[in-house]
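Step one of this worksheet: look at the structure below.
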Amino acid sequence: PKGEAAFLILFLSLRINCFTMAKILIIEDDQKIRNSLKEILAEKDHQVDEAADGAEGYKKLESGEYQLCLSDIKMPKMDGMEVLTKAMAN
């Protein structure tokens, strides 16, 4: 339903704690939500990359070293569960 957000959190590494900077990927098709998450995380000194859909996000996951991925579930091109399945297979 409109106004509800469901997120899939994919922990790519256990190297994250609240005292260190993490490299984080946000995969979200809603630009306002993506920008808000990026702003909050960047404020805490995390390095944040973003993708506007699952296919773009998966490409970034393949080429980058991320400690954490925050992904929407319902997205065009590739949904969050497919991103998770492919990431776990590799």
Side-chain angles (χ1 to χ4, degrees):
K2 191 170 184 161
E4 289 185 21
F7 277 91
L8 175 66
I9 300 173
L10 174 60
F11 288 91
L12 300 170
S13 169
L14 298 176
R15 293 179 276 161
I16 296 177
N17 67 49
C18 60
F19 303 109
T20 62
M21 183 184 81
K23 186 172 180 185
I24 301 171
L25 176 63
I26 298 169
I27 309 173
E28 168 59 62
D29 58 325
D30 184 308
Q31 185 175 0
K32 288 181 182 180
I33 294 172
R34 199 169 61 242
N35 289 344
S36 294
L37 288 170
K38 184 175 183 176
E39 184 179 318
I40 290 166
L41 293 167
E43 232 174 61
K44 300 295 182 186
D45 296 325
H46 295 292
Q47 181 182 347
V48 182
D49 288 339
E50 55 186 287
D53 60 59
E56 179 187 355
Y58 181 70
K59 283 182 186 176
K60 289 188 175 191
L61 278 174
E62 284 186 303
S63 63
E65 290 187 20
Y66 298 96
Q67 285 81 41
L68 177 68
C69 176
L70 300 174
S71 178
D72 191 0
I73 294 176
K74 295 181 181 179
M75 295 179 290
K77 298 184 183 177
M78 184 185 300
D79 68 28
M81 293 306 294
E82 189 175 352
V83 172
L84 172 63
T85 301
K86 286 186 169 197
M88 298 297 286
N90 292 331

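Keep in mind the model is a prediction, meaning the values are calculated, not measured.
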- Message: According to salt bridge (charged side-chain N to carboxylate O under 4.0 Å, His left out), who are the partners of Asp29, at least two apart in sequence or on a separate chain?
- Response: none
- Note on the structure: Across all chains, not counting sequence neighbours, the side-chain contact (heavy atoms from CB on, under 4.5 Å) partners of Asp53 are Ala55, Glu56, Pro76, Lys77
- Test side-chain contact (heavy atoms from CB on, under 4.5 Å) applied to Ile24 and Tyr66, step by step: CA-CA 6 Å; Ile24 301 171; Tyr66 298 96; 5.8 Å; no
- Task: Begin with the C-alpha distance, continue with both residues' side-chain angles, and end with the deciding distance and a verdict on side-chain contact (heavy atoms from CB on, under 4.5 Å) for Leu61 and Val83.
- Result: CA-CA 9 Å; Leu61 278 174; Val83 172; 3.6 Å; yes
- Message: Counting only heavy atoms from other residues, nucleotides and ligands, does the tally under 6.0 Å from CD of Gln31 exceed 12?
- Response: no
- Are any non-hydrogen side-chain atoms of Leu84 and Ser71 less than 4.5 angstrom apart? no
- Task: Applying side-chain hydrogen bond (donor to acceptor under 3.5 Å, both in side chains), name anything that partners Lys60, two or more places apart in sequence or on another chain.
- Result: none
- Query: If only atom types and distance count, is the side chain of His46 paired as donor or acceptor with the main-chain N or O of Ala22 below 3.5 Å?
  - Reply: yes
- Task: Can you measure from CE (Met21) to CG (Asp45) and round to the nearest 0.5 angstrom?
- Result: 8.0 Å
- Keeping to residues at least two apart or across chains, list the salt bridge (Lys or Arg N to Asp or Glu O under 4.0 Å) pairs with something in residues 33-42. Arg34-Glu50, Lys38-Glu50
- Query: Should Leu25 and Val48 be marked as a side-chain contact (heavy atoms from CB on, under 4.5 Å) after you check the CA-CA gap, both sets of side-chain angles, and the distance that decides it?
  - Reply: CA-CA 6 Å; Leu25 176 63; Val48 182; over 6 Å; no
- With sequence neighbours excluded, what pairs up with Lys44 under the salt bridge (charged side-chain N to carboxylate O under 4.0 Å, His left out) test? none
- Query: Could you give the distance from CG (Leu37) to NZ (Lys32), rounded to the nearest 0.5 Å?
  - Reply: 14.5 Å
- Item | Pairwise side-chain contact, Leu41 with Ile26, heavy-atom cut-off 4.5 Å (strictly under) | yes
- Take Lys23 and Asp49, measure what side-chain contact (heavy atoms from CB on, under 4.5 Å) needs, and give me the verdict at the end. CA-CA 8 Å; Lys23 186 172 180 185; Asp49 288 339; 3.7 Å; yes
- Task: List in chain and number order the residues that pass side-chain contact (heavy atoms from CB on, under 4.5 Å) with Lys86, two or more places apart in sequence or in another chain; answer none if no residue qualifies.
- Result: Tyr58, Met78, Glu82
